Amino acid sequence: MLSSVENNKRVAKNTLFLYVRMLFLMLIQLYTVPVLLRNLGVEDYGIYNVVGGIVTLFSFLSSSLASGAQRFLAYELGTGDYEKLRKVFSATLTIYLCIAIVIVLLLESLGLWFLNVKMVIPEDRVYAANWVYQFSILTFLVNIISIPYNAAIIARERMSVFAYFSIVEIVLKLCAAVSLSFCTSLDRLIIYAIYILGISLLMRLSYQFYCVRNFVECHYEVLLDKTLIKPLLIYSGFNMIGSLAMISRQQGLNILLNIFFGVLINAAHTLGQQIYGVANQFVNNVYMATRPLITKLYAANQIEEMWQLVYQSARMASYLLILLCVPLLIEIDLILKLWLGEVPAFTVLIVRLLIISLFIETLTNQVIAVFQAANKIKHYQLWSSMIVLMTIPLAYIALLQKQAVYIPYSILIILSIGYVISLLWVGNHILNLDVLYYLRQVMAKVILVAVLSLVCPLLIYMNMDDTIVRLLLVIVSSLVWSSLIIWFLGLETQEKRYVLNFALKIRNKI
């Protein structure tokens, strides 16, 4: 039996490590983006992201297997079968090595054709774009082979190690962006792609070195055991639908914008995705800290404790998103001006619409953890993910009728609502999810907190001039007001007690 008290302590500790990591990453990333934008220029910045996006479009293959690796490793840790755990790791890495060959063939044929025939790139930058594409492929392959080692660290809930490696990686990327200013006689776009490849290779070797030294299962041997590979491939095959939907929505939208509006809108979309990524990381930290434990609870047949963790973590993820995004939604125009100086057109609109979409999907995303734990992902992927997958074709049809930047993002929001409904519906039929309880105890509370959290900062925003003083007042009032709303209306009694005890422990340690 997994102790409830120990589980809570471990989740809290891991979540704290992940948020410390996120704080460092966010601060460094906020500084890195304007440096990179200044050193590359808006045009080359847009080219780098849209060309790299072609490679990322194919990453649904690796992300599908990554999810499978984490799930199966965590499950075997929950059952305590360490011999099978070792075999699962070897089988996963074997699959990755095979799939890497397939990806290279696809990228060097279909992807290369699309880059040179369909992409809208200035003629004098096509040469550089092709070099960036080749280095991006190599970076992608390095990252694929790293994922099983990352999955082992997460499955074992070594979040402090994961945090340290992530901080080192983002610092190296900052150094790469800063060093571009010294490359006066070289093509900075190509040099930056080389830097990113070198950093990826270094981090891949670091992850492998740590895992081999500390985890018995990470000693790789060639393994072609069908009894292990088949369930991994079946799981990954169904999960691939969801990964394809999410990646095509993110990177396919970038390519779609390039076709209709050119690379300048790609710069705006990329900046929007940067902010979306920071907001999404608030949510993913909660998922990363809790999902291995959800799988272990399921493997140990502690179903009631598992569902309670799902409900609590779903609310916490949404509350953290509210704390971040309320001031961001209200003051994004001024924040972007202070951050970037010159803000690409439509960036403000894109950021607001992306954040609304993220908030909607966060309401039910944690239910996916139970589908994964139960190895029943096909039941929701065939519905929920296919809804998301419709974003690009519907946006393309709509843009043919009217070329307006807001149209793809409006479609994205509508489909996000359909995504939430489908998860609840399938969860009820397959997992016996109590939908009425979920609506009442999770979604209703979160939506009420979100609406009320807007009141105080909006009043300040509407009654003051556009200044830094107003920005600071909006941020402070939003954090204080939202925290009070969350405390009095969003938390259960036992959750309040746990928060107080956790805060007292941190204070005593300080």
Side-chain angles (χ1 to χ4, degrees), residues 32-33 36-37 39-64 96-97 99-147 169 172-173 176-177 179-180 183 186-204 243-244 246-271 273-274 277 392:
T32 301
V33 170
L36 191 58
L37 192 59
N39 285 337
L40 288 180
V42 174
E43 185 177 88
D44 274 5
Y45 183 73
I47 290 172
Y48 179 81
N49 284 283
V50 75
V51 170
I54 297 177
V55 177
T56 309
L57 188 61
F58 285 81
S59 70
F60 70 90
L61 291 168
S62 64
S63 62
S64 301
Y96 268 65
L97 293 171
I99 212 73
I101 298 172
V102 177
I103 292 173
V104 169
L105 294 175
L106 289 171
L107 290 173
E108 292 292 5
S109 55
L110 181 64
L112 196 60
W113 167 82
F114 190 86
L115 171 66
N116 287 284
V117 177
K118 295 295 183 179
M119 298 294 292
V120 180
I121 297 172
E123 278 189 37
D124 60 331
R125 302 306 292 150
V126 171
Y127 172 81
N130 274 275
W131 274 109
V132 168
Y133 182 73
Q134 295 301 325
F135 287 123
S136 295
I137 291 174
L138 293 175
T139 301
F140 176 58
L141 293 178
V142 170
N143 290 338
I144 284 180
I145 302 171
S146 299
I147 290 175
E169 183 175 6
L172 290 174
K173 288 182 178 179
S179 68
L180 289 177
C183 302
L186 300 171
D187 192 309
R188 294 181 178 182
L189 185 57
I190 297 175
I191 293 299
Y192 184 68
I194 295 173
Y195 282 160
I196 296 302
L197 172 60
I199 293 168
S200 296
L201 183 59
L202 176 62
M203 297 311 301
R204 182 257 186 276
S243 299
L244 172 61
M246 294 301 177
I247 293 298
S248 67
R249 186 176 72 178
Q250 182 182 30
Q251 298 301 332
L253 193 58
N254 204 13
I255 295 170
L256 195 63
L257 291 169
N258 174 267
I259 293 171
F260 281 92
F261 303 105
V263 294
L264 295 181
I265 295 299
N266 287 131
H269 176 77
T270 300
L271 290 168
Q273 286 290 348
Q274 293 274 359
I392 301 306

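None of these values were measured; they are calculated from a predicted model. When reading the values below, keep in mind they use all heavy atoms of this one structure, side chains included, and skip hydrogens, waters and symmetry mates.
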Roughly how far apart are [X] [atom1] and [Y] [atom2], rounded to 0.5 Å?
| X | Y | atom1 | atom2 | answer |
| --- | --- | --- | --- | --- |
| H269 | L271 | NE2 | CG | 10.5 Å |
| L197 | I137 | CG | CD1 | 11.5 Å |
| L253 | L257 | CG | CG | 4.5 Å |
| I259 | L256 | CD1 | CG | 6.0 Å |
| I194 | I196 | CD1 | CD1 | 11.5 Å |
| I103 | I144 | CD1 | CD1 | 3.0 Å |

D187 and R125: side-chain contact (heavy atoms from CB on, under 4.5 Å), yes or no, with the steps?
CA-CA 10 Å; D187 192 309; R125 302 306 292 150; 3.0 Å; yes
Within a strict 4.5 Å, meaning less than it, do heavy atoms of the W131 and L189 side chains meet?
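SC-SC contact between W131 and L189 ruled out.
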Measure across [X] and [Y] and return the closest heavy-atom pair with its distance rounded to 0.1 Å.
| X | Y | answer |
| --- | --- | --- |
| A177 | N39 | O-ND2, 2.8 Å |
| R204 | S146 | CG-OG, 2.7 Å |
| A129 | L115 | O-CD2, 4.2 Å |
| I191 | L180 | CG2-CD2, 4.1 Å |
| T139 | S200 | CG2-OG, 3.2 Å |

With side-chain contact (heavy atoms from CB on, under 4.5 Å) as the criterion, how do Y192 and D44 come out once you've worked through the C-alpha distance, each side chain's angles and the decisive distance to 0.1 Å?
CA-CA 11 Å; Y192 184 68; D44 274 5; over 6 Å; no
Please walk me through it: do L112 and Q134 pass side-chain contact (heavy atoms from CB on, under 4.5 Å)?
CA-CA 9 Å; L112 196 60; Q134 295 301 325; 3.8 Å; yes
Using a 3.5 Å distance criterion without hydrogens, assess whether the side chain of N266 forms a donor-acceptor pair with backbone atoms of N254.
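Pair found, side chain donor or acceptor close to backbone of N254.
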Start with the C-alpha distance between N258 and I265, add both sets of side-chain angles, then the distance that settles side-chain contact (heavy atoms from CB on, under 4.5 Å), and finish with yes or no.
CA-CA 7 Å; N258 174 267; I265 295 299; over 6 Å; no
